[in-house]
Protein chains: 2
Amino acid sequence: MRSDSRLSRMLHALIHMDRHDGAMTSEQLAQMLNTNPVVVRRTMAGLRDQEIVRSEKGHGGGWALNRALAEVSLLDIYRALGDPRLFAIGLADDDPRCLVEQAVNAAVADTLAAAEALVIARFGEVTLADIARDFDARFAAVMGRKGSEA
Amino acid sequence: MRSDSRLSRMLHALIHMDRHDGAMTSEQLAQMLNTNPVVVRRTMAGLRDQEIVRSEKGHGGGWALNRALAEVSLLDIYRALGDPRLFAIGLADDDPRCLVEQAVNAAVADTLAAAEALVIARFGEVTLADIARDFDARFAAVMGRKGSEA
DNA sequence: GATCATGCAACTCCTGTTGTTTCAAGAAAC
DNA sequence: GTTTCTTGAAACAACAGGAGTTGCATGATC
């Protein structure tokens with residue numbers, strides 16, 4: 001399957017929302033994410049349930065952040081999306097009778113569990129504010145280059 | 001998609017092959033793996049190309065190991081399968097213009113790269129012999145329980 | 001030459017994200 | 001109060017990639 005890009009899309013959207021005055025519509029977000037307003041609403045639904053964002057209908061409605069960027073970690077978003085499956089590889093049978101397969105599963109599952117723990121830990125340490133700061137640095141770098149061109 | 005179980009299937013098959021006298025047919029392996037001989041041949045093809053196993057046609061033909069279990073790491077098998085995609089999640093766009101998305105990508109890709117490095121390192125450290133030893137321990141444990149039941 | 005086994009091509013099936021259409025419902029503007 | 005804008009939700013098609021399946025060619029052994 002093509003890979004699940006909901007996490008990165010939501011991060012992208014949330015940071016833009018933070019820099020935007022007032023609510024952003026699904027239509028605006030969809031254009032930014034190069035997709036479709038329905039996909040935006042569907043994906044944002046989980047974040048709304050977790051009160052990371054709020055949505056409002058009607059004129060002037062749309063989506064807005066409900067918390068400061070520094071108060072939202074990548075893990076919060078990952079969880080709000082329903083803990084999407086992390087790995088594309090897995091076991092042939094989760095509870096096999098064959099002892100050989102049990103030994104194989106233990107070896108593979110151990111490694112994947114360690115990798116998953118690492119991902120979860122790192123997602124928990126990084127906030128949206130960290131990413132926004134990195135964006136600011138990238139922006140400053142581009143501006144610096146443009147200035148020196150003149 | 002349901003997850004890619006080629007790695008665990010191959011590990012399972014290879015250890016059985018090691019404990020088996022003579023070549024094993026795709027049909028025999030397929031029954032063990034609860035699948036189809038064509039799937040076995042298709043998946044084993046990569047291992048044959050890497051000379052981890054060999055195959056022979058005709059009467060008495062089938063598949064046999066080409067190396068000692070201790071000389072084959074999980075990473076060798078993973079590589080022989082063509083480095084299957086490890087993660088189910090990914091970036092929306094690998095090379096975006098938007099600086100916000102670049103910052104998001106950096107954060108997500110960093111974490112995934114660290115997790116992938118961990119998986120690759122651990123796969124490189126574990127050999128088929130390690131798994132076979134674990135199987136022996138499990139087998140001994142079962143035998144021990146059965147003995148004490150009598 | 002009959003039989004057994006792999007090699008390979010060409011499908012279909014399955015599963016989960018993504019894309020799309022459609023309509024109901026609520027909120028602001030006029 | 002009607003129009004307009006927006007989300008909410010259901011329903012379905014598109015797509016991707018592993019898995020399953022069929023059919024047949026090729027080669028080795030009996």
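Everything numeric here is computed off the predicted structure, so don't read it as measured data. Lettering follows sequence order; numbering is per chain, from 1.
- Side-chain atoms of B/R42 and base atoms of D/dG20 include a donor and an acceptor less than 3.5 Å apart.
- When each of C/dG19, D/dG18, D/dT7 is scored by its nearest atom to the side-chain atoms of A/V39, the top-ranked nucleotide is C/dG19.
- Within the 4.0 angstrom heavy-atom criterion, no nucleotide atom of any strand lies near A/R54.
- In this structure, B/S55 reaches the C/dG7 phosphate: one of its side-chain N or O atoms is under 4.0 Å from OP1 or OP2.
- Between B/Y78 atom OH and B/L7 atom CG the span is 8.5 Å, to the nearest 0.5 Å.
- B/T127 contributes a side-chain N or O that, together with a main-chain N or O of B/D130, makes up a donor-acceptor pair within less than 3.5 Å.
- The separation between B/E27 atom CD and D/dT22 atom P is 12 Å, rounded to whole Å.
- A distance of 6.5 Å separates OG1 of B/T43 from CZ of B/R6, quoted to the nearest 0.5 Å.
- Nearest-nucleotide positions on DNA chain C place B/M24 closer to the 5' end than the other of B/M24 and B/V38.
- Out of C/dT20, D/dG20, D/dG8, the shortest distance to the side chain of B/N36 is found at D/dG20.
- Counting only distance, with no hydrogens or angles, the side chain of B/N105 and the backbone of B/D93 share a donor-acceptor pair below 3.5 Å.
- Considering only side-chain atoms of B/R48, the nucleotide from D/dG20, C/dT6, D/dG8 that sits closest is C/dT6.
- The CZ-C1' distance, from A/R85 to C/dG16, rounds to 8 Å in whole Å.
- Rounding to the nearest 0.5 angstrom, the gap separating the CG atom in B/L47 from the CG atom in B/N66 is 11.0 Å.
- Among the atoms of the strands shown, none is found under 4.0 Å from any heavy atom of B/G60.
- Distances shorter than 4.0 Å separate some side-chain N or O of A/R41 from OP1 or OP2 on D/dT7.
- With B/Q28 contributing its side chain and B/T25 its backbone, the two residues share a donor-acceptor pair below 3.5 Å.
- Rounded to an integer number of Å, the gap from CG of A/D93 to P of D/dG18 is 20 Å.
- Among the atoms of the strands shown, only primed sugar atoms or phosphate atoms (P, OP1, OP2) are found under 4.0 Å from some heavy atom of A/R6.
- Side-chain atoms of A/K57 lie closest to C/dA27 of the nucleotides C/dG19, C/dA27, C/dT6.
- With A/M32 as the partner, the side-chain contact (heavy atoms from CB on, under 4.5 Å) test is satisfied by one option alone out of A/H20, A/E27, A/H16, A/R9: A/H16.
- Residue B/S5 places its side chain closer to D/dA19 than to any other of C/dT21, D/dG20, D/dA19.
- Closest to the side chain of A/H59, out of D/dT21, D/dA9, D/dT4, is D/dT4.
- For the pair A/Q28 CD and D/dC5 C1', the computed distance is 12 Å after rounding to whole Å.
- In this structure, the CE atom of B/M44 is 14 Å from the P atom of C/dC8, given to the nearest Å.
- Between A/I89 atom CD1 and C/dT15 atom P there is a gap of 20 Å when expressed in whole angstrom units.
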Completion exercise
Writing each nucleotide of DNA chain C 5' to 3' as (, ), [, ], | or . by Watson-Crick or G-U pairing under 3.5 Å yields ||||||||||||||||||||||||||||||

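- Proximity note for B/W63 (side chain, C-beta onward) versus C/dG26, C/dG7, D/dG20: the nearest is C/dG7.
- Atom CG of B/L86 is separated from atom P of D/dG18 by 13 Å (rounded to the nearest Å).
- A distance of 12.0 Å separates CD1 in B/I131 from CG in B/D136, rounded to the nearest 0.5 Å.
- Sequence order on DNA chain C of the closest nucleotides to B/S26 and A/T35 puts B/S26 first from the 5' end.
- Rounded to an integer number of Å, the gap from A/L29 CG to D/dC5 C1' is 16 Å.
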